[in-house]
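Heads up: the structure comes next, in structure tokens.
Residue numbers start from 1 in every chain, and the chains themselves are labelled A, B, ... in the order their sequence lines are given, proteins ahead of strands. Because only heavy atoms are used, hydrogens play no part in the values below, and waters and symmetry mates are left out as well, while side chains stay in.
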There are 2 protein chains.
Amino acid sequence: MTTAIQPRTLKTRAKLIDAARAIINDVGYSAMRVEQVVAEAGVAKGTFFSHFKDKDALLDRLIGEEIDKLLDQIETLPTPKSVDDIVSALVPYMNFISCERFVFDLVLRHSGAAKIEEIGPIAMTFERFADVIANWIKDGPFRTDAMPEMLANGVHSFVIQAVALNFCAIHQSEPLKGRLTPYLDLWLNPAQSA
Amino acid sequence: MTTAIQPRTLKTRAKLIDAARAIINDVGYSAMRVEQVVAEAGVAKGTFFSHFKDKDALLDRLIGEEIDKLLDQIETLPTPKSVDDIVSALVPYMNFISCERFVFDLVLRHSGAAKIEEIGPIAMTFERFADVIANWIKDGPFRTDAMPEMLANGVHSFVIQAVALNFCAIHQSEPLKGRLTPYLDLWLNPAQSA
DNA sequence: GTAAGAAAATGACCATGGTCAATATTGGAG
DNA sequence: CTCCAATATTGACCATGGTCATTTTCTTAC
């Protein structure tokens with residue numbers, strides 16, 4: 001039998017990804033067009049879809065990469081001493097997923113996968129987010145009546161809520177941090193806020 | 001000047017909505033096609049788009065209606081005596097927004113509006129959800145160190161999280177209630193769970 | 001080096017949401 | 001009753017993501 005994967009394949013895929021990155025850098029995620037990517041990469045349209053299941057799969061990968069970098073950053077931080085430390089650490093993450101409405105919608109859409117085999121990069125980052133945060137806050141001055149994993153999942157919920165509200169016109173234009181802090185105070189330090 | 005809105009307009013719009021409802025009832029939300037709706041309603045395609053900004057606008061309206069009915073139900077309930085009462089009351093809501101992955105994604109996508117004038121039916125239900133829940137739980141046996149509005153927003157966050165996890169293969173197939181209860185316990189009764 | 005078969009690339013084609021200039025209908029003013 | 005302007009409807013057309021039978025390229029066996 002022949003080699004499972006040809007060098008050519010990797011080269012073409014790299015061309016597609018590079019082209020997409022350049023275009024996104026130029027016009028943003030929502031304005032990226034498959035036709036534009038294949039033109040820039042110098043391949044036919046069908047080639048795109050033999051490398052990626054659909055347009056979303058490419059975006060999933062590119063956005064997942066970015067989120068992973070942000071989680072890498074959080075992992076290097078010392079144990080947080082306050083809710084404010086946590087919020088500050090999460091701001092870059094929140095800024096990225098809210099850089100375009102389109103990106104936030106896509107992130108939510110890919111946050112889970114129906115089948116184990118189909119778990120994509122963004123879904124991975126959701127899993128990883130919980131792990132990273134749980135591990136990061138577990139020695140901090142926060143409530144101890146709940147597993148760090150549960151606290152971390154809750155933090156994620158509130159982050160998503162804060163970003164969602166940020167897109168909503170009804171709510172005054174408050175900075176992102178202000179939308180998150182009061183909830184995390186109540187969530188992580190219920191005794192103090194009593 | 002002539003009448004601002006002609007009877008004909010209302011009739012056509014009703015035909016479109018009825019047709020859409022029938023089709024959705026038949027094949028579900030995600031499989032509904034605009035072409036099918038206009039064929040069933042007996043109008044031209046362009047007519048659809050002079051009544052609704054886009055396909056999403058019609059779905060927004062139909063789904064918003066359903067959610068409103070569910071909130072009506074919750075409004076009639078007596079003050080909850082426990083987290084379990086709350087979770088039970090929320091199950092129909094969770095079941096509906098998770099009836100199709102497509103529906104859940106659409107609900108999240110419409111949960112906020114960029115401009116005040118553009119707030120649609122689903123975004124309204126998000127606002128209303130917080131009001132209804134805040135009012136409903138405010139006399140219940142729950143923590144009193146936070147405004148009911150904040151508690152209600154938190155409940156909503158956890159509901160969304162529970163439904164999202166329900167779509168995710170990584171997490172065992174646990175009933176929806178089981179995904180929500182532990183979080184609401186920690187959120188609404190922090191002292192008890194210490 | 002060459003032939004055979006596997007893998008990759010191609011591009012014409014399709015599905016479907018959405019647009020818009022042209023046409024038809026309506027309701028009121030005279 | 002008739003005409004006019006406002007309003008509603010029409011359907012050919014476009015944009016864009018996605019498919020698939022065909023063709024090209026690569027790798028290995030000999």
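- In this entry the distance linking CG of A/Leu58 with P of D/dG17 reads 11 Å, nearest Å.
- Summarising the geometry, the separation between NZ on B/Lys15 and P on D/dT9 is reported as 8 Å, rounded to the nearest angstrom.
- Atoms CG and CZ, from A/Leu16 and A/Arg61 in turn, are 10.5 Å apart once rounded to the nearest 0.5 Å.
- A/Lys138 and A/Thr79 are not linked by any side-chain donor-acceptor pair at a separation below 3.5 angstrom, with hydrogens and angles left out of the test.
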Polar-atom pairs under 3.5 Å, protein N or O versus N or O of nucleotides 22-24 of chain D: list them with distances, or write none.
none

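- Rounding to the nearest 0.5 Å places CZ of B/Arg143 at 9.0 Å from CG of B/Asn189.
- Distance B/Lys11 NZ to C/dT25 P: 14 Å, rounded to the nearest Å.
- One finds a side-chain N or O of A/Thr12 lying less than 4.0 angstrom from the OP1 or OP2 phosphate oxygen of C/dA9.
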Contacts under 3.5 Å, N or O only, protein and nucleotides 10-12 of chain C:
from: C/dT10; atom 1: OP2; to: A/Ala44; atom 2: N; distance (Å): 2.8
from: C/dT10; atom 1: OP2; to: A/Thr47; atom 2: OG1; distance (Å): 2.9
from: C/dG11; atom 1: N7; to: A/Gly46; atom 2: N; distance (Å): 3.4
from: C/dG11; atom 1: O6; to: A/Gly46; atom 2: N; distance (Å): 3.4

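- Side-chain nitrogen and oxygen atoms of B/His51 include at least one within less than 4.0 Å of the OP1 or OP2 phosphate oxygen of D/dT9.
- To the nearest angstrom, P of D/dT9 lies 10 Å from CG of B/Leu10.
- Residue B/Leu16 contributes atom CG, which lies 13 Å from atom P of D/dA8 at whole-angstrom precision.
- A/Lys53 has its NZ atom 13 Å from the P atom of D/dC20, to the nearest Å.
- Put simply, CD on A/Gln36 is 13 Å from C1' on D/dA15, counting in whole angstrom units.
- To the nearest 0.5 angstrom, A/Leu184 atom CG is 14.0 Å from A/Arg179 atom CZ.
- Considering only residues two or more places apart in sequence or on other chains, A/Arg21 meets the side-chain hydrogen bond (donor to acceptor under 3.5 Å, both in side chains) condition with A/Glu65.
- Remark on the helix from C/dG1-D/dC30 to C/dG30-D/dC1: inter-end axis angle 10°, axes from five-pair C1' superpositions, rounded to 10°.
- When side chains are defined from C-beta on, A/Pro92 does not count as touching A/Gln73, because their heavy atoms never get closer than 4.5 Å.
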Side-chain donor-acceptor pairs under 3.5 Å in residues 24-42 of chain A, sequence neighbours left out?
from: A/Ser30; atom 1: OG; to: A/Glu100; atom 2: OE1; distance (Å): 3.4
from: A/Arg33; atom 1: NH1; to: A/Ser30; atom 2: O; distance (Å): 3.3
from: A/Glu35; atom 1: OE2; to: A/Lys45; atom 2: NZ; distance (Å): 3.1

Under 3.5 Å, sequence neighbours excluded: what are the donor-acceptor pairs made by side chains of residues 103-112 of chain A?
from: A/Asp105; atom 1: OD1; to: A/Arg101; atom 2: NE; distance (Å): 3.3
from: A/Asp105; atom 1: OD1; to: A/Arg101; atom 2: NH2; distance (Å): 3.1
from: A/Asp105; atom 1: OD2; to: A/Arg101; atom 2: NE; distance (Å): 3.4
from: A/Arg109; atom 1: NH1; to: A/Asp56; atom 2: OD2; distance (Å): 2.5
from: A/His110; atom 1: ND1; to: A/Leu106; atom 2: O; distance (Å): 3.0
from: A/Ser111; atom 1: OG; to: A/Leu108; atom 2: O; distance (Å): 2.8

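- Atoms CD and CD1, on A/Glu66 and A/Ile122 in that order, are 11.0 Å from each other to the nearest 0.5 Å.
- Residue A/Arg33 places its side chain closer to D/dT16 than to any other of D/dT27, D/dT16, D/dG18.
- Expressed to the nearest 0.5 Å, how far CG of A/Leu58 lies from NZ of A/Lys53 amounts to 13.0 Å.
- The nearest whole Å value for the distance from the NZ atom in A/Lys55 to the P atom in D/dG18 is 8 Å.
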Next on the checklist: Would B/Ile137 and B/Ile86 count as a side-chain contact (heavy atoms from CB on, under 4.5 Å) here? Give the steps.
Outcome noted: CA-CA 8 Å; B/Ile137 69 174; B/Ile86 297 179; 3.8 Å; yes
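- Of all nucleotides listed (C/dG27, D/dG17, C/dG18), C/dG18 comes nearest to the side chain of B/Phe49.
- Here the two rings, on B/Phe158 and A/Trp187, have centers that are under 6.0 Å apart.
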